[in-house]
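Structure, as structure tokens:
Numbering of residues begins at 1 and proceeds along the displayed sequence. A quick note: this is a predicted structure, and the numbers were derived from the prediction, not measured.
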Amino acid sequence: MSWIVSLQKAIDYIEEHLLDEDLSIGKAAEEANSSVFHFQRTFAILTDMPVGEYIRGRRLTLAAQELVRTDRKVIDLAYKYGYDTPEAFTKAFRRQHGMTPTEARNFSGKLKSYNRLVIQVSLKGAEPMQYAIVKKEAFQVAGIKKEFSLCNEENLAGIPKMWDEVNSNGTADKLFMLNNGEIKGVLGVCVDNRSKKPDSMDYWIGASFKGEKPDSFECLEVPASKWAVFEVHGAMPHAMQNTWKKIFSEWFPSSGYEHAAAPELEVYTAGDASNSDYYSEIWIPVK
């Protein structure tokens, strides 16, 4: 369960440096001995919130507590908790607490508190997870690629938009027709890009493909790896999200496996993804 300890270490680092101007998700990820992308993903899966939202929520929680308990000026609190202007602070404060700092000081309503996180996991799942450990040689993915910055969690907003475009402009249909490799379906592939460009990742939407590079698509070589392949049953996106959460909160802590340095895959088969009997898969490289 070393990854749980590492994740908690990163959260403790965030708390210790919460008011530092140079606090970044990248530095927290380093404390977890993780890439920024995997730290963001694991954090969001286990807590149901992005790490950036946690940091903002914690700062505004402490700001509200200090506002109510002391007579410090709003402008001073704005600068202390990382805002360039009182106006920006007031806007963020109202978004979280539903009132202005002045109204909070006058006890005009209830405040919303984000408490310090302590990671807990379940070692026994209520339902068994269907998975297989598969060793697979290197294979090729043909598709489209976008680079996303991991700063300000651009990837969390950009990837769903990328899927909307692919599903609406006919690209998904072309990829299903192109799919002649062993993995059947359209793939979402997360590639850690920090060795080439810090704080960035590549996201591919493609298909397993054998042959020469097809026109209008790029190609990615996925290295030979050992994979934990999980079955996902149910309508998207909830079934996929729920399975990811069970993998990190139940399977990893009790399996003895660790995440390996290779891309993660989500496999979307043909069919209506809104149906309750829709089938998809998650492929995670393990060691």
Side-chain angles (χ1 to χ4, degrees), residues 5-120 146-162 193-194 197-201:
V5 176
S6 297
L7 186 59
Q8 188 63 58
K9 185 178 179 182
I11 293 171
D12 293 342
Y13 174 86
I14 289 172
E15 290 292 333
E16 291 167 6
H17 298 271
L18 198 56
L19 302 186
D20 292 0
E21 291 184 3
D22 61 349
L23 173 63
S24 68
I25 295 175
K27 289 185 177 181
E30 289 177 8
E31 290 294 313
N33 194 29
S34 169
S35 70
V36 174
F37 171 73
H38 287 303
F39 175 64
Q40 283 183 324
R41 174 185 280 274
T42 306
F43 188 99
I45 288 171
L46 291 178
T47 67
D48 292 320
M49 76 175 80
V51 62
E53 181 182 333
Y54 174 72
I55 292 172
R56 288 189 296 272
R58 286 289 293 142
R59 284 174 170 170
L60 289 168
T61 295
L62 297 180
Q65 292 172 357
E66 188 166 353
L67 185 75
V68 171
R69 294 172 181 173
T70 72
D71 58 359
R72 292 196 66 177
K73 295 180 179 179
V74 171
I75 188 172
D76 294 333
L77 292 175
Y79 295 145
K80 177 178 179 179
Y81 289 97
Y83 293 87
D84 294 330
T85 66
E87 292 76 17
F89 174 67
T90 297
K91 183 177 181 180
F93 193 96
R94 183 193 289 274
R95 187 181 300 118
Q96 175 162 320
H97 297 292
M99 67 186 81
T100 66
T102 300
E103 290 170 338
R105 174 159 277 167
N106 294 330
F107 304 102
S108 300
K110 295 181 179 180
L111 298 169
K112 184 177 181 180
S113 176
Y114 282 75
N115 298 322
R116 180 171 181 155
L117 282 175
V118 176
I119 297 297
Q120 296 179 330
K146 282 190 178 182
E147 180 183 295
F148 291 100
S149 170
L150 298 173
C151 299
N152 300 318
E153 299 174 327
E154 174 190 301
N155 55 309
L156 300 182
I159 291 173
K161 292 180 181 178
M162 185 178 175
N193 204 26
R194 62 176 170 165
K197 188 174 181 180
D199 296 333
S200 71
M201 64 163 290

Practice problem: May I have all residue pairs that pass ring pair (Phe, Tyr, Trp, His ring centres under 6.0 Å) and include part of residues 60-85, sequence neighbours excluded? | Solution: Tyr83-Phe89

Quiz prompt | Smallest separation among heavy atoms of Leu23 and Tyr13, with atom names | solution = CD1-CE2, 3.9 Å

Quiz item: Quick one: does Gln96's side chain have a donor or acceptor within less than 3.5 Å of a partner on Lys112's backbone?
Solution: yes

Quiz item: Stepwise, does the side chain to side chain contact (heavy atoms under 4.5 Å, CB included) test hold for Asp12 with Arg116?
Solution: CA-CA 9 Å; Asp12 293 342; Arg116 180 171 181 155; 3.3 Å; yes

Quiz item: Closest heavy-atom contact between Met201 and Phe37?
Solution: SD-CD1, 3.3 Å

Quiz item: Which pair of heavy atoms, one from Ala29 and one from Phe39, lies closest together, and at what distance?
Solution: CB-CB, 3.8 Å

Quiz item: Atom CD of Glu66 and atom CG of Asp71: how far apart are they, to the nearest 0.5 Å?
Solution: 10.0 Å

Quiz prompt | Gap separating the CZ atom of Arg41 from the CG atom of Leu46, nearest 0.5 angstrom | solution = 12.0 Å

Quiz item: Going through the checks in order, is the side chain to side chain contact (heavy atoms under 4.5 Å, CB included) test met by Lys80 and Arg72?
Solution: CA-CA 11 Å; Lys80 177 178 179 179; Arg72 292 196 66 177; 3.6 Å; yes

Quiz item: With a 4.5 Å limit on heavy-atom distance, are the side chains of Leu117 and Ile14 in contact?
Solution: no

Practice problem: Please check if the side chain of His17 supplies one atom and the backbone of Ala28 the other of a donor-acceptor pair under 3.5 Å. | Solution: no

Quiz item: For atom CG of Asp22, is the number of surrounding heavy atoms from other residues, nucleotides or ligands below 6.0 Å larger than 12?
Solution: yes

Quiz item: Do you know the tightest heavy-atom contact between Pro50 and Leu156?
Solution: CB-CD1, 3.7 Å

Quiz item: Name the one of Arg58, Lys9, Arg59 that satisfies salt bridge (charged side-chain N to carboxylate O under 4.0 Å, His left out) with Glu15?
Solution: Arg58

Quiz item: Going by the salt bridge (charged side-chain N to carboxylate O under 4.0 Å, His left out) test, which pairs reach into residues 82-108, not counting sequence neighbours?
Solution: none

Quiz prompt | Euclidean distance, Gln40 CD relative to Ile25 CD1, rounded to 0.5 Å | solution = 5.0 Å

Practice problem: Find the distance between OG1 (Thr70) and CG (Leu77) and round it off to the nearest 0.5 Å. | Solution: 6.0 Å

Quiz prompt | Distance, nearest 0.5 Å, that separates CD of Glu53 from CG of Asp48 | solution = 10.0 Å

Exercise. Measure across Val36 and Gly26 and return the closest heavy-atom pair with its distance rounded to 0.1 Å.
Key: CG2-CA, 3.7 Å

Exercise. Compare every heavy atom of Leu111 with every heavy atom of Phe93, then report the nearest pair and how far apart it is.
Key: CZ-CD2, 4.3 Å

Quiz item: Would you say Thr61's side chain and Tyr114's backbone share a donor-acceptor pair under 3.5 angstrom?
Solution: yes

Exercise. Drop me the distance from Leu60's CG to Leu67's CG, to the nearest 0.5 angstrom.
Key: 11.0 Å

Quiz item: Passes side chain to side chain contact (heavy atoms under 4.5 Å, CB included), Tyr54 versus Ile11? Steps please.
Solution: CA-CA 10 Å; Tyr54 174 72; Ile11 293 171; 4.1 Å; yes

